[in-house]
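Structure first, then comments.
Below, each value reflects all heavy atoms present in this structure, side chains not excepted, and no hydrogens, waters or symmetry copies. These figures come from a predicted structure and were not determined experimentally.
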Amino acid sequence: MLISYDQVRRKQESEAIKLIVSLRRELGIIFKDKKVLDVGCETGCKSRAMKECGADVYVAEPNSEALEKAYIANSKKFNLFVQDLPTELFGTFDMVTMFLYRILPSGIDTSFFTKELGEQINKMQLQVTKAIAKLIKPDGEVIIEISNFEDYYYWYKRVANIAPLMGQLKQVFEDVSYETTSYDSIFIRAKRPLPNILVDGVKEADVTFSSLPK
């Protein structure tokens, strides 16, 4: 039997609600009255769930086809990578969320992980890390979801493999930790971003952990 788009959408929305409820109940994350940027929102199911919890949600999604289906007002949709968002948004968000985090340069073959691909991912990852540090307020927070199952599309999987991302975040945030919930994911939390001048000073050579294959 063929599965319709509506059935897929309902399943996505159900999963999104479970995830947001898990974050609220188990990690004590408050969405109400928070200005939130959802990076890589895809079709916006989790964005919509946060909005229903009282958040003022903005989204950034480079895939224009996916973004068209997101349930967010047009003025709050950005068809851009997060590192390309306008500078006037710097320091304006209470929270930045990145669900099922992945950094994949466009037009690449992901079937075979090479050193060159790892270098591209590392470079883009650092750009994203620096961007999200600039986007949140000094007392803001970043929530990043990492899949806790074998899924090579997302590259990062299980606690043992999040060291590269944790290492980069620690270059631009004073407080970086990870937690788990009953939802099958790991959640990295980053708080207290360094001043922008220090964030800009972080170079690829300064990052001690690498995404490159061993």
Side-chain angles (χ1 to χ4, degrees), residues 10-32 34 36-55 57 59-61 82 93-104 110 113 118 121-122 124-126 128-129 131-133 135-137 139-193 207-214:
R10 282 195 295 272
K11 178 174 174 56
Q12 289 176 334
E13 290 180 346
S14 175
E15 288 297 310
I17 291 169
K18 286 196 294 184
L19 183 147
I20 299 303
V21 167
S22 178
L23 292 179
R24 289 175 61 194
R25 289 181 178 174
E26 300 177 48
L27 299 187
I29 295 173
I30 299 171
F31 295 98
K32 185 174 174 57
K34 296 290 181 67
V36 179
L37 173 66
D38 189 14
V39 178
C41 72
E42 297 184 319
T43 55
C45 292
K46 298 179 183 72
S47 304
R48 184 182 186 187
M50 290 189 288
K51 187 175 181 180
E52 290 178 354
C53 289
V57 183
V59 298
E61 171 56 63
V82 64
F93 292 97
D94 298 296
M95 187 182 300
V96 172
T97 58
M98 300 180 71
F99 296 111
L100 282 178
Y101 178 86
R102 63 189 185 279
I103 296 295
L104 295 177
T110 60
F113 198 107
I121 293 173
N122 228 29
M124 283 193 69
Q125 181 180 297
L126 183 56
V128 169
T129 300
I132 60 178
L135 285 160
I136 67 169
K137 298 175 181 178
D139 61 346
E141 180 173 16
V142 174
I143 306 294
I144 299 175
E145 179 192 5
I146 306 295
S147 61
N148 196 20
F149 49 86
E150 293 294 330
D151 183 347
Y152 288 91
Y153 180 66
Y154 292 104
W155 298 113
Y156 293 99
K157 46 201 178 295
R158 304 190 184 282
V159 174
N161 292 332
I162 65 173
L165 178 55
M166 293 282 285
Q168 287 201 354
L169 289 167
K170 287 177 180 180
Q171 302 294 316
V172 296
F173 290 91
E174 292 184 21
D175 183 0
V176 181
S177 61
Y178 69 82
E179 302 180 59
T180 58
T181 70
S182 58
Y183 195 85
D184 191 21
S185 290
I186 300 159
F187 296 95
I188 297 177
R189 303 178 74 170
K191 304 176 184 178
R192 304 210 308 273
V207 180
T208 55
F209 292 88
S210 173
S211 305
L212 305 184
K214 299 292 186 286

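- Taking OG of Ser177 as the reference point, atom NZ of Lys170 lies at 9.0 Å (rounded to 0.5 Å).
- Taking both residues in full, the closest heavy atoms of Phe173 and Thr129 are given as CE1-O, 4.4 Å, listed atom of the first, atom of the second, then distance.
- When all heavy atoms are compared, the tightest approach of Val59 to Ser47 is CG1-OG, 3.3 Å.
- Partners of Glu145 by salt bridge (charged side-chain N to carboxylate O under 4.0 Å, His left out), not counting sequence neighbours: none found.
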| request: For Glu174 and Lys191, run side chain to side chain contact (heavy atoms under 4.5 Å, CB included): C-alpha distance rounded to whole Å, both residues' side-chain angles, the deciding distance at 0.1 Å, then the answer. | output: CA-CA 7 Å; Glu174 292 184 21; Lys191 304 176 184 178; over 6 Å; no
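- Summarising the geometry of Thr181 relative to Phe187, their closest heavy-atom pair is OG1-CE1, 3.6 Å, with the distance given to 0.1 Å.
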| request: Take Val128 and Met98 through the test side chain to side chain contact (heavy atoms under 4.5 Å, CB included) and record every step on the way to the result. | output: CA-CA 11 Å; Val128 169; Met98 300 180 71; 3.7 Å; yes
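- In this structure Lys18 satisfies the salt bridge (charged side-chain N to carboxylate O under 4.0 Å, His left out) test together with Glu15, sequence neighbours excluded.
- Ile144 places a side-chain heavy atom less than 4.5 Å from the side chain of Leu169.
- Distance check, rounded to the nearest 0.5 Å: CD1 of Ile29 to CG of Leu23 gives 4.5 Å.
- Few gaps surround CZ on Arg189; more than 12 heavy atoms of other groups in view lie less than 6.0 Å from it.
- Residues Arg24 and Cys53 share a closest heavy-atom pair of NH1-SG, 3.5 Å.
- The shortest non-hydrogen separation linking Phe31 to Met50 is CE2-SD, 3.4 Å.
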| task | Quick one: do Met95 and Ile136 satisfy side chain to side chain contact (heavy atoms under 4.5 Å, CB included)? Show the steps, please. | result | CA-CA 6 Å; Met95 187 182 300; Ile136 67 169; over 6 Å; no
| task | Check the pair Ile132 / Val172 against side chain to side chain contact (heavy atoms under 4.5 Å, CB included), numbers first and verdict last. | result | CA-CA 10 Å; Ile132 60 178; Val172 296; over 6 Å; no
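- A search for side-chain hydrogen bond (donor to acceptor under 3.5 Å, both in side chains) contacts involving Glu26 returns Ser22, Ser182, not counting sequence neighbours.
- Of all non-hydrogen atoms in Met166 and Tyr178, the two that sit nearest each other are CE-CD2, 3.8 Å.
- To the nearest 0.5 Å, atoms OG1 (Thr97) and CG (Asp38) are separated by 3.5 Å.
- Summarising the local packing, CG of Leu27 is surrounded by more than 12 heavy atoms from other residues, nucleotides or ligands at distances under 6.0 Å.
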